[in-house]
Peer 1: 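Dropping a structure here in structure tokens format, bear with me for questions.
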There are 2 protein chains.
Amino acid sequence: MVTESRGDLTDPNCPTRVVLDRIGDKWTVLVVTLLADGPLRFTRLRTGIGGVAPKVLTQTLRALERDGLLTRTVHPEIPPKVTYELTELGRSLRTPITAIADWSERNVGRILAARAEADEFSTARQSR
Amino acid sequence: MVTESRGDLTDPNCPTRVVLDRIGDKWTVLVVTLLADGPLRFTRLRTGIGGVAPKVLTQTLRALERDGLLTRTVHPEIPPKVTYELTELGRSLRTPITAIADWSERNVGRILAARAEADEFSTARQSR
DNA sequence: CTGAATCCCCTTGGATACTG
DNA sequence: CAGTATCCAAGGGGATTCAG
């Protein structure tokens, strides 16, 4: 039995920590988003993302499968065909992802502006 | 001028990518949550988190400051006193964080269950 | 008290080549 | 087509020590 430690972000078993560790990596959100409209094949995901090493994509997909967020289906054909599809749980994950995306699109400008200003300032300081 | 590339998660400049890179790290969400109720001092954050190396906490705080999510105020006193406080932007970040936390608390059980089952299965395979 | 300075490790991610 | 097998680089994070 796993303690879920509701409000305690200090605990590494904190639910939010677990989920952030999952969606915080480089490709997970992208994969979930691509699969939102229906199942896709490995190569389709690969080209849809652009610039992912096959090893890394496999890692990402296996991790998502392990956590019950998608299913991997092998179709016994020649040539091989494998499709990935979000589970109900995986589809529900789009809700918080959308929340992040919404906030991001509205506020990323401010973040980038602040960042640019801070960088400019430190650069200015260095040059005098 | 920075292109924001609204819907294109493929682009590394994608807003969602930028924000995930920020909140996806180990301590940012925790810091923002701790600061939700008002400004805190360095040591208070440190003990409030538990087990963060000072270097890492400093890194996290500086990164948040750089992105305009919090302010760092040095009070000219002996002994030194420095307080960290969320900006308006930083406070607004709590919205998507809450969305993640809500989803997590409701569904982390399923994730952990799926994970445990998958691990058990692979263990069983190895032992035969 | 608030960090800066060092040193170190491990994980994540990538490039490339190969296979059933 | 859908991966696996290797090798490798970068950096995020940590432990510890020291300083203003």
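This structure is a prediction, so every number in the text was calculated from the model and none was measured. A, B, ... follow the sequence lines: proteins, then strands. Residue 1 opens every chain.
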Peer 1: What pairs of nitrogen or oxygen atoms, one from the protein and one from nucleotides 4-12 of chain C, lie under 3.5 Å apart?
Peer 2:
{"unit_1": "dA4(C)", "atom_1": "OP1", "unit_2": "Arg62(B)", "atom_2": "NH1", "d": "3.2"}

Peer 1: Nearest whole Å is fine: how far is dG3(D) P from Ile78(A) CD1?
Peer 2: 14 Å
Peer 1: Expressed as a whole number of angstroms, how long is the span from Tyr84(A):OH to dA2(D):P?
Peer 2: 8 Å
Peer 1: Rounded to the Å, how far apart are His75(B) NE2 and dT2(C) P?
Peer 2: 10 Å
Peer 1: Rounded to the Å, how far apart are Leu61(A) CG and dG13(C) C1'?
Peer 2: 15 Å
Peer 1: Identify the heavy atoms of Pro80(B) and Arg41(B) that sit nearest to each other, and give their distance.
Peer 2: O-NH2, 3.3 Å
Peer 1: Would you mind reading off the distance between Leu40(A) atom CG and dG3(D) atom P, rounded to a whole angstrom?
Peer 2: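 Spelled out: CG on Leu40(A) to P on dG3(D) is 13 Å.
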Peer 1: May I ask you to say whether Arg17(A) pairs ionically with Asp21(A), meaning some side-chain N is under 4.0 Å from a carboxylate O?
Peer 2: yes
Peer 1: Can you check the Ile49(A) CD1 to dA2(D) P distance for me, whole Å?
Peer 2: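 Nearest whole value for this atom pair: 14 Å.
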Peer 1: Between the side chains of Ser92(B) and Trp103(A), does any donor sit under 3.5 Å from an acceptor?
Peer 2: yes
Peer 1: Of all residues at least two apart in sequence or in a different chain, which pass the salt bridge (charged side-chain N to carboxylate O under 4.0 Å, His left out) check with Arg22(A)?
Peer 2: Asp67(A)
Peer 1: When the distance from CZ of Arg44(B) to P of dG3(C) is rounded to whole Å, what number comes out?
Peer 2: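 So the CZ-P distance, Arg44(B) to dG3(C), works out to 16 Å.
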Peer 1: What nucleic acid atoms does Val82(B) come within less than 4.0 Å of, heavy atoms only: base, sugar-phosphate, or nothing?
Peer 2: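 It contacts sugar-phosphate atoms only.
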Peer 1: Quick one: do Thr33(A) and Arg94(A) satisfy side chain to side chain contact (heavy atoms under 4.5 Å, CB included)? Show the steps, please.
Peer 2: CA-CA 7 Å; Thr33(A) 303; Arg94(A) 289 179 305 160; over 6 Å; no
Peer 1: Rounded to the Å, how far apart are Arg46(A) CZ and dA15(C) P?
Peer 2: 11 Å
Peer 1: Taking only side-chain N and O atoms of Arg41(B), does any of them lie within less than 4.0 angstrom of OP1 or OP2 on dC1(C)?
Peer 2: no
Peer 1: I would like to know whether Val31(A) and Leu57(A) meet side chain to side chain contact (heavy atoms under 4.5 Å, CB included); could you show each step before the answer?
Peer 2: CA-CA 9 Å; Val31(A) 168; Leu57(A) 181 56; 4.2 Å; yes
